[in-house]
Amino acid sequence: MSKEEPLHERYRSHVDALALALDANDEATFRIAFDRLRAQLNVEFNPELKRITAEAQSALRRFREQARLEVLADQEVPDARRRLAHVVKLTEEAAHRTLDLVEQSSPLVDRVALAASQLLEEWGLHGSRQLAVSSMWPERAIETLERAMRDAEHVRRYLSQMLLAQGYQDLSGQIVNAVIKLVLELEKVLGELVSLASGEDTRRMPALKLEQTQPQPVSDTTAGPKVPGVAGTSQFVDDQADIDALLASVSGPR
Amino acid sequence: MEDGPVSNAMKFLVVDDFSTMRRIVKGLLGELGYTDVTEADDGNTALPLLKNGEFDFLITDWNMPGMPGLDLLKAVRSDAKLAKLPVLMLTAEAKREQIIEAAQAGVSGYVIKPFTADTLKEKIDKILSSKAAA
(Lines give C-alpha, C1' and ligand atoms only; values in the text may rest on other atoms or scores of the structure.)
Protein backbone atom coordinates (compact mmCIF):
# COMPACT_ATOMS: atom_id res chain seq x y z
CA MET A 1 0.00 0.00 0.00
CA SER A 2 1.16 3.53 -0.76
CA LYS A 3 0.00 7.13 -0.58
CA GLU A 4 -0.96 6.99 -4.25
CA GLU A 5 -3.75 4.50 -3.41
CA PRO A 6 -7.15 6.04 -2.54
CA LEU A 7 -7.80 6.61 1.14
CA HIS A 8 -10.53 3.99 1.46
CA GLU A 9 -8.28 1.31 -0.09
CA ARG A 10 -5.52 2.07 2.40
CA TYR A 11 -7.69 2.24 5.51
CA ARG A 12 -11.04 0.52 4.75
CA SER A 13 -9.93 -2.95 5.88
CA HIS A 14 -8.41 -1.53 9.11
CA VAL A 15 -11.55 0.45 9.93
CA ASP A 16 -13.79 -2.55 9.17
CA ALA A 17 -11.71 -4.82 11.40
CA LEU A 18 -11.80 -2.24 14.20
CA ALA A 19 -15.59 -1.80 13.81
CA LEU A 20 -16.21 -5.55 13.87
CA ALA A 21 -14.09 -6.06 16.98
CA LEU A 22 -15.80 -3.10 18.64
CA ASP A 23 -19.26 -4.42 17.87
CA ALA A 24 -18.30 -7.84 19.19
CA ASN A 25 -16.71 -6.23 22.28
CA ASP A 26 -13.62 -8.34 21.43
CA GLU A 27 -10.76 -6.41 23.02
CA ALA A 28 -7.96 -8.76 21.85
CA THR A 29 -9.02 -8.57 18.20
CA PHE A 30 -9.54 -4.80 18.53
CA ARG A 31 -5.96 -4.36 19.79
CA ILE A 32 -4.56 -6.49 16.95
CA ALA A 33 -6.49 -4.41 14.39
CA PHE A 34 -5.37 -1.22 16.08
CA ASP A 35 -1.67 -2.29 16.02
CA ARG A 36 -1.97 -3.07 12.31
CA LEU A 37 -3.40 0.39 11.66
CA ARG A 38 -0.60 1.97 13.68
CA ALA A 39 2.03 0.02 11.71
CA GLN A 40 0.44 1.26 8.50
CA LEU A 41 0.61 4.84 9.74
CA ASN A 42 4.28 4.39 10.70
CA VAL A 43 5.14 3.19 7.20
CA GLU A 44 3.57 6.31 5.77
CA PHE A 45 4.87 8.91 8.20
CA ASN A 46 8.39 7.67 9.10
CA PRO A 47 10.13 8.94 5.91
CA GLU A 48 8.55 12.34 6.46
CA LEU A 49 9.75 12.41 10.08
CA LYS A 50 13.26 11.46 8.98
CA ARG A 51 13.31 14.24 6.40
CA ILE A 52 12.19 16.83 8.98
CA THR A 53 14.84 15.57 11.46
CA ALA A 54 17.60 15.80 8.82
CA GLU A 55 16.58 19.33 7.94
CA ALA A 56 16.58 20.33 11.60
CA GLN A 57 20.04 18.81 12.06
CA SER A 58 21.29 20.59 8.97
CA ALA A 59 19.93 23.92 10.23
CA LEU A 60 21.58 23.34 13.60
CA ARG A 61 24.87 22.51 11.90
CA ARG A 62 24.63 25.66 9.79
CA PHE A 63 23.98 27.70 12.90
CA ARG A 64 27.03 26.21 14.64
CA GLU A 65 29.23 26.81 11.60
CA GLN A 66 28.07 30.40 11.34
CA ALA A 67 28.88 30.94 15.03
CA ARG A 68 32.32 29.38 14.56
CA LEU A 69 32.91 31.41 11.42
CA GLU A 70 32.11 34.57 13.34
CA VAL A 71 34.80 33.74 15.93
CA LEU A 72 37.22 32.89 13.14
CA ALA A 73 36.49 36.11 11.26
CA ASP A 74 36.37 38.41 14.29
CA GLN A 75 39.31 37.13 16.30
CA GLU A 76 41.34 34.25 14.97
CA VAL A 77 41.94 35.38 11.39
CA PRO A 78 43.03 38.87 12.52
CA ASP A 79 45.22 37.14 15.17
CA ALA A 80 46.70 34.92 12.46
CA ARG A 81 47.44 38.02 10.40
CA ARG A 82 49.23 39.56 13.39
CA ARG A 83 51.13 36.29 13.92
CA LEU A 84 52.33 36.24 10.32
CA ALA A 85 53.24 39.94 10.48
CA HIS A 86 55.28 39.13 13.59
CA VAL A 87 57.05 36.34 11.69
CA VAL A 88 57.93 38.79 8.92
CA LYS A 89 59.29 41.17 11.58
CA LEU A 90 61.30 38.37 13.25
CA THR A 91 62.86 37.24 9.98
CA GLU A 92 63.61 40.81 8.92
CA GLU A 93 65.26 41.63 12.26
CA ALA A 94 67.31 38.42 12.19
CA ALA A 95 68.44 39.08 8.61
CA HIS A 96 69.44 42.68 9.45
CA ARG A 97 71.22 41.58 12.63
CA THR A 98 73.16 38.93 10.70
CA LEU A 99 74.02 41.38 7.90
CA ASP A 100 75.15 44.00 10.44
CA LEU A 101 77.41 41.46 12.12
CA VAL A 102 78.86 40.34 8.79
CA GLU A 103 79.51 43.99 7.88
CA GLN A 104 81.20 44.55 11.26
CA SER A 105 83.32 41.40 10.91
CA SER A 106 84.54 41.92 7.35
CA PRO A 107 86.79 44.97 7.97
CA LEU A 108 88.34 43.24 11.00
CA VAL A 109 89.20 40.16 8.96
CA ASP A 110 90.50 42.39 6.14
CA ARG A 111 92.68 44.30 8.59
CA VAL A 112 94.20 41.12 10.02
CA ALA A 113 94.86 39.79 6.52
CA LEU A 114 96.43 43.09 5.37
CA ALA A 115 98.65 43.38 8.46
CA ALA A 116 99.82 39.77 8.06
CA SER A 117 100.55 40.36 4.39
CA GLN A 118 102.54 43.56 5.14
CA LEU A 119 104.57 41.76 7.80
CA LEU A 120 105.38 38.95 5.42
CA GLU A 121 106.38 41.42 2.74
CA GLU A 122 108.72 43.26 5.10
CA TRP A 123 110.17 39.98 6.30
CA GLY A 124 110.96 39.16 2.70
CA LEU A 125 112.58 42.56 2.12
CA HIS A 126 114.89 42.20 5.12
CA GLY A 127 116.19 39.01 3.61
CA SER A 128 117.55 37.50 6.76
CA ARG A 129 116.49 36.94 10.35
CA GLN A 130 119.55 38.87 11.63
CA LEU A 131 118.69 42.01 9.70
CA ALA A 132 115.07 41.76 10.74
CA VAL A 133 115.91 41.43 14.41
CA SER A 134 118.22 44.41 14.28
CA SER A 135 115.49 46.65 12.81
CA MET A 136 112.12 47.76 14.21
CA TRP A 137 110.50 44.62 12.82
CA PRO A 138 109.98 42.65 16.04
CA GLU A 139 108.10 45.52 17.71
CA ARG A 140 105.87 45.94 14.70
CA ALA A 141 105.30 42.20 14.55
CA ILE A 142 104.22 42.07 18.19
CA GLU A 143 101.94 45.06 17.75
CA THR A 144 100.34 43.45 14.68
CA LEU A 145 99.84 40.11 16.38
CA GLU A 146 98.27 41.73 19.44
CA ARG A 147 95.88 43.66 17.24
CA ALA A 148 95.09 40.47 15.32
CA MET A 149 94.20 38.75 18.60
CA ARG A 150 91.85 41.59 19.57
CA ASP A 151 90.24 41.61 16.13
CA ALA A 152 89.83 37.82 16.20
CA GLU A 153 88.09 38.07 19.57
CA HIS A 154 85.67 40.66 18.16
CA VAL A 155 84.98 38.44 15.16
CA ARG A 156 84.40 35.46 17.47
CA ARG A 157 81.79 37.45 19.41
CA TYR A 158 80.11 38.60 16.21
CA LEU A 159 79.96 35.00 15.00
CA SER A 160 78.40 33.95 18.31
CA GLN A 161 75.74 36.65 17.89
CA MET A 162 75.10 35.52 14.32
CA LEU A 163 74.52 32.03 15.68
CA LEU A 164 71.95 33.32 18.17
CA ALA A 165 70.24 35.47 15.53
CA GLN A 166 69.23 32.25 13.75
CA GLY A 167 66.93 31.45 16.67
CA TYR A 168 64.20 33.32 14.78
CA GLN A 169 63.63 30.14 12.77
CA ASP A 170 62.45 28.24 15.85
CA LEU A 171 60.09 31.02 17.00
CA SER A 172 58.71 31.82 13.55
CA GLY A 173 58.31 28.09 12.86
CA GLN A 174 56.14 27.67 15.96
CA ILE A 175 54.01 30.69 15.02
CA VAL A 176 53.57 29.53 11.42
CA ASN A 177 52.61 26.02 12.62
CA ALA A 178 49.82 27.55 14.73
CA VAL A 179 48.57 29.53 11.71
CA ILE A 180 48.68 26.41 9.51
CA LYS A 181 46.42 24.68 12.02
CA LEU A 182 43.94 27.56 11.85
CA VAL A 183 43.98 27.55 8.04
CA LEU A 184 43.29 23.81 8.11
CA GLU A 185 40.24 24.38 10.30
CA LEU A 186 39.01 27.20 8.07
CA GLU A 187 39.39 24.90 5.08
CA LYS A 188 37.23 22.26 6.78
CA VAL A 189 34.51 24.71 7.79
CA LEU A 190 34.38 26.42 4.41
CA GLY A 191 34.41 23.06 2.59
CA GLU A 192 31.44 21.90 4.60
CA LEU A 193 29.58 25.16 3.98
CA VAL A 194 30.18 24.80 0.24
CA SER A 195 28.81 21.24 0.40
CA LEU A 196 25.75 22.44 2.31
CA ALA A 197 25.16 25.25 -0.17
CA SER A 198 25.35 22.81 -3.08
CA GLY A 199 22.69 20.62 -1.43
CA GLU A 200 24.90 17.62 -0.75
CA ASP A 201 23.49 15.06 1.68
CA THR A 202 24.79 16.31 5.04
CA ARG A 203 24.15 12.97 6.71
CA ARG A 204 27.07 11.52 4.76
CA MET A 205 29.48 14.23 5.84
CA PRO A 206 31.86 13.76 8.75
CA ALA A 207 30.77 15.70 11.79
CA LEU A 208 32.35 19.11 12.03
CA LYS A 209 34.76 19.20 14.91
CA LEU A 210 34.38 22.44 16.80
CA GLU A 211 37.73 23.30 18.25
CA GLN A 212 38.96 25.80 20.79
CA THR A 213 38.94 29.38 19.61
CA GLN A 214 42.67 29.86 20.07
CA PRO A 215 44.87 28.26 17.39
CA GLN A 216 47.06 25.78 19.20
CA PRO A 217 50.74 24.96 18.65
CA VAL A 218 52.07 21.41 18.47
CA SER A 219 51.04 20.52 21.98
CA ASP A 220 47.52 21.45 23.05
CA THR A 221 48.69 22.44 26.52
CA THR A 222 51.09 25.16 25.38
CA ALA A 223 50.58 28.75 24.28
CA GLY A 224 53.55 29.16 21.94
CA PRO A 225 55.67 32.27 21.54
CA LYS A 226 54.34 35.60 22.75
CA VAL A 227 53.07 37.66 19.82
CA PRO A 228 52.36 41.36 20.47
CA GLY A 229 48.72 42.31 19.90
CA VAL A 230 47.41 38.74 19.94
CA ALA A 231 44.67 37.81 22.42
CA GLY A 232 45.84 36.48 25.80
CA THR A 233 49.33 37.96 25.85
CA SER A 234 48.61 39.69 29.18
CA GLN A 235 49.08 36.31 30.85
CA PHE A 236 52.69 36.17 29.62
CA VAL A 237 55.78 37.22 31.56
CA ASP A 238 57.60 40.32 30.32
CA ASP A 239 61.23 39.23 30.43
CA GLN A 240 63.82 36.88 31.94
CA ALA A 241 63.89 38.84 35.23
CA ASP A 242 60.15 38.28 35.57
CA ILE A 243 60.69 34.52 35.10
CA ASP A 244 63.51 34.41 37.65
CA ALA A 245 61.28 36.13 40.22
CA LEU A 246 58.42 33.76 39.46
CA LEU A 247 60.68 30.68 39.78
CA ALA A 248 62.08 31.94 43.06
CA SER A 249 58.56 32.25 44.46
CA VAL A 250 57.58 28.67 43.61
CA SER A 251 59.08 25.65 45.30
CA GLY A 252 59.47 22.34 43.52
CA PRO A 253 61.54 19.15 43.72
CA ARG A 254 64.61 20.81 42.18
CA MET B 1 80.40 35.46 26.89
CA GLU B 2 83.56 37.36 27.59
CA ASP B 3 85.59 34.33 28.60
CA GLY B 4 87.23 32.14 26.03
CA PRO B 5 86.37 28.46 25.82
CA VAL B 6 87.72 26.21 28.55
CA SER B 7 87.44 22.49 27.90
CA ASN B 8 84.93 20.76 30.15
CA ALA B 9 84.14 17.06 30.27
CA MET B 10 80.48 17.45 31.29
CA LYS B 11 77.96 15.62 29.13
CA PHE B 12 75.01 17.68 27.88
CA LEU B 13 71.81 16.52 26.21
CA VAL B 14 70.01 19.19 24.15
CA VAL B 15 66.39 18.41 23.28
CA ASP B 16 64.50 20.56 20.76
CA ASP B 17 62.32 19.71 17.76
CA PHE B 18 63.93 22.52 15.71
CA SER B 19 67.33 21.42 14.45
CA THR B 20 68.44 25.06 14.07
CA MET B 21 67.89 25.68 17.78
CA ARG B 22 69.80 22.48 18.67
CA ARG B 23 72.73 23.70 16.57
CA ILE B 24 72.60 27.15 18.18
CA VAL B 25 72.63 25.74 21.72
CA LYS B 26 75.34 23.24 20.82
CA GLY B 27 77.44 26.07 19.33
CA LEU B 28 77.00 28.25 22.42
CA LEU B 29 77.86 25.35 24.73
CA GLY B 30 80.98 24.79 22.63
CA GLU B 31 81.97 28.42 23.22
CA LEU B 32 81.57 27.80 26.96
CA GLY B 33 83.88 24.80 26.68
CA TYR B 34 81.18 22.14 26.85
CA THR B 35 82.00 20.07 23.82
CA ASP B 36 80.35 16.76 24.74
CA VAL B 37 76.84 17.56 23.52
CA THR B 38 74.24 15.06 22.29
CA GLU B 39 71.02 16.09 20.52
CA ALA B 40 67.47 14.70 20.60
CA ASP B 41 64.32 16.00 18.90
CA ASP B 42 61.75 15.22 21.61
CA GLY B 43 61.22 13.57 24.99
CA ASN B 44 60.60 10.13 23.54
CA THR B 45 64.03 10.14 21.90
CA ALA B 46 65.69 11.83 24.84
CA LEU B 47 64.50 9.59 27.67
CA PRO B 48 66.24 6.35 26.55
CA LEU B 49 69.41 8.38 25.89
CA LEU B 50 69.24 9.81 29.41
CA LYS B 51 68.67 6.40 30.97
CA ASN B 52 71.68 4.91 29.20
CA GLY B 53 73.97 7.86 28.67
CA GLU B 54 75.28 9.13 32.03
CA PHE B 55 74.44 12.73 31.16
CA ASP B 56 75.35 15.58 33.52
CA PHE B 57 72.97 18.25 32.25
CA LEU B 58 69.72 18.37 30.30
CA ILE B 59 68.58 21.38 28.26
CA THR B 60 65.10 20.93 26.85
CA ASP B 61 62.48 22.81 24.87
CA TRP B 62 58.86 22.55 26.08
CA ASN B 63 56.70 22.50 22.98
CA MET B 64 57.64 19.41 20.96
CA PRO B 65 55.60 16.77 19.16
CA GLY B 66 55.73 13.34 20.77
CA MET B 67 56.78 13.87 24.36
CA PRO B 68 56.89 17.58 25.34
CA GLY B 69 59.58 18.98 27.63
CA LEU B 70 57.33 19.14 30.69
CA ASP B 71 56.57 15.42 30.44
CA LEU B 72 60.26 14.71 29.96
CA LEU B 73 61.03 16.75 33.08
CA LYS B 74 58.43 14.80 35.08
CA ALA B 75 59.81 11.49 33.77
CA VAL B 76 63.33 12.54 34.81
CA ARG B 77 62.23 13.60 38.29
CA SER B 78 60.31 10.36 38.82
CA ASP B 79 63.27 8.17 37.79
CA ALA B 80 65.46 7.32 40.79
CA LYS B 81 68.62 7.33 38.69
CA LEU B 82 67.89 10.65 36.97
CA ALA B 83 65.99 12.51 39.69
CA LYS B 84 68.88 14.84 40.59
CA LEU B 85 69.84 15.67 36.99
CA PRO B 86 69.99 19.45 36.36
CA VAL B 87 67.25 20.37 33.88
CA LEU B 88 67.18 23.74 32.15
CA MET B 89 64.01 24.55 30.21
CA LEU B 90 64.82 26.65 27.13
CA THR B 91 61.52 27.56 25.54
CA ALA B 92 59.28 30.19 23.97
CA GLU B 93 56.50 29.29 26.43
CA ALA B 94 56.16 32.45 28.49
CA LYS B 95 52.79 32.04 30.18
CA ARG B 96 52.97 32.53 33.93
CA GLU B 97 50.94 29.41 34.68
CA GLN B 98 53.30 27.31 32.53
CA ILE B 99 56.40 28.60 34.31
CA ILE B 100 54.79 27.82 37.66
CA GLU B 101 53.88 24.35 36.39
CA ALA B 102 57.50 23.75 35.33
CA ALA B 103 58.76 24.99 38.70
CA GLN B 104 56.39 22.69 40.55
CA ALA B 105 57.57 19.79 38.37
CA GLY B 106 61.14 20.48 39.49
CA VAL B 107 62.81 22.45 36.70
CA SER B 108 66.27 23.69 37.72
CA GLY B 109 66.20 26.79 35.49
CA TYR B 110 63.98 28.41 32.89
CA VAL B 111 65.21 30.54 29.98
CA ILE B 112 62.82 32.20 27.59
CA LYS B 113 63.44 32.39 23.83
CA PRO B 114 64.75 34.57 22.30
CA PHE B 115 67.66 34.50 24.74
CA THR B 116 71.21 35.82 24.92
CA ALA B 117 74.42 33.84 25.25
CA ASP B 118 75.07 35.59 28.57
CA THR B 119 71.68 34.48 29.97
CA LEU B 120 72.36 30.89 28.98
CA LYS B 121 75.80 30.97 30.59
CA GLU B 122 74.46 32.62 33.75
CA LYS B 123 71.71 30.02 34.21
CA ILE B 124 74.00 27.05 33.58
CA ASP B 125 76.58 28.45 36.02
CA LYS B 126 73.91 29.10 38.63
CA ILE B 127 72.47 25.59 38.35
CA LEU B 128 75.91 23.99 38.56
CA SER B 129 76.83 26.13 41.59
CA SER B 130 73.63 25.14 43.38
CA LYS B 131 74.31 21.50 42.60
CA ALA B 132 77.89 21.73 43.87
CA ALA B 133 76.70 23.40 47.07
CA ALA B 134 73.97 20.79 47.70
Side-chain angles (χ1 to χ4, degrees), chain A residues 86 89-90 93-94 97 149 152-154 156-178 214 216-228 232-254, chain B residues 1-2 4-5 16-28 31 42 61-71 77-78 83-84 86-87 91-117 119-120 122-123 126-127 130:
Chain A
H86 187 62
K89 185 168 167 276
L90 279 178
E93 283 173 355
R97 180 79 187 122
M149 280 175 66
E153 176 56 23
H154 281 303
R156 190 184 69 79
R157 278 190 221 160
Y158 293 154
L159 288 173
S160 173
Q161 289 171 38
M162 275 184 231
L163 191 77
L164 267 171
Q166 305 316 303
Y168 82 90
Q169 198 273 334
D170 176 355
L171 298 175
S172 58
Q174 289 188 49
I175 295 167
V176 169
N177 279 340
Q214 185 74 10
Q216 298 293 304
V218 182
S219 163
D220 284 342
T221 59
T222 54
K226 181 179 180 180
V227 179
T233 46
S234 60
Q235 299 158 13
F236 287 69
V237 292
D238 292 327
D239 51 28
Q240 187 63 44
D242 212 358
I243 291 172
D244 294 345
L246 199 56
L247 276 184
S249 68
V250 182
S251 60
R254 270 169 275 173
Chain B
M1 290 222 200
E2 298 295 323
D16 199 306
D17 54 329
F18 279 86
S19 58
T20 42
M21 187 48 69
R22 293 201 301 271
R23 284 183 66 183
I24 290 168
V25 177
K26 192 174 179 177
L28 293 174
E31 289 185 17
D42 83 329
D61 185 19
W62 182 318
N63 189 4
M64 298 177 285
M67 186 194 284
L70 185 69
D71 292 355
R77 290 289 175 254
S78 61
K84 300 286 179 192
V87 180
T91 175
E93 301 302 329
K95 253 188 166 178
R96 288 176 188 280
E97 62 189 65
Q98 289 179 281
I99 297 161
I100 292 169
E101 199 179 357
Q104 287 168 341
V107 78
S108 316
Y110 200 104
V111 172
I112 199 78
K113 295 175 185 171
F115 60 100
T116 65
T119 302
L120 182 67
E122 182 199 323
K123 298 304 166 200
K126 190 178 169 190
I127 293 167
S130 305

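- Heavy atoms closer than 4.5 Å to chain B are found in the side chain of A/Leu246, but not in its backbone.
- Rounding to the nearest 0.5 angstrom, the gap separating the CD atom in A/Gln169 from the CD1 atom in B/Ile24 is 8.5 Å.
- Ranked by heavy-atom pairs under 4.5 Å with chain B, the first of A/Gln166, A/Lys226, A/Gln161 is A/Gln166.
- The shortest distance between side-chain heavy atoms of B/Val107 and A/Leu247 falls below 4.5 Å.
- Annotation: side chain of A/Tyr168 is not in contact with side chain of B/Thr20 (no heavy-atom distance under 4.5 Å).
- Proximity of B/Arg23 to A/Leu163: side-chain heavy atoms (C-beta onward) are nowhere separated by under 4.5 Å.
- Here the side chain of A/Gln240 pairs a donor or acceptor atom with the backbone of B/Ile112 at under 3.5 angstrom.
- Contacts of A/Leu171 with chain B are made by side-chain atoms alone, with heavy-atom separations under 4.5 Å and no backbone atom involved.
- Of all heavy-atom pairs between A/Asn177 and B/Phe18, the closest is ND2-CZ, 4.3 Å.
- With chain A as the partner, the residue from B/Met21, B/Lys123, B/Arg96 showing the most heavy-atom pairs under 4.5 Å is B/Arg96.
- For a residue to count as touching a neighbouring chain, one of its non-hydrogen atoms must lie under 4.5 Å from one of that chain's; by this rule B/Val111 touches chain A with backbone and side chain alike.
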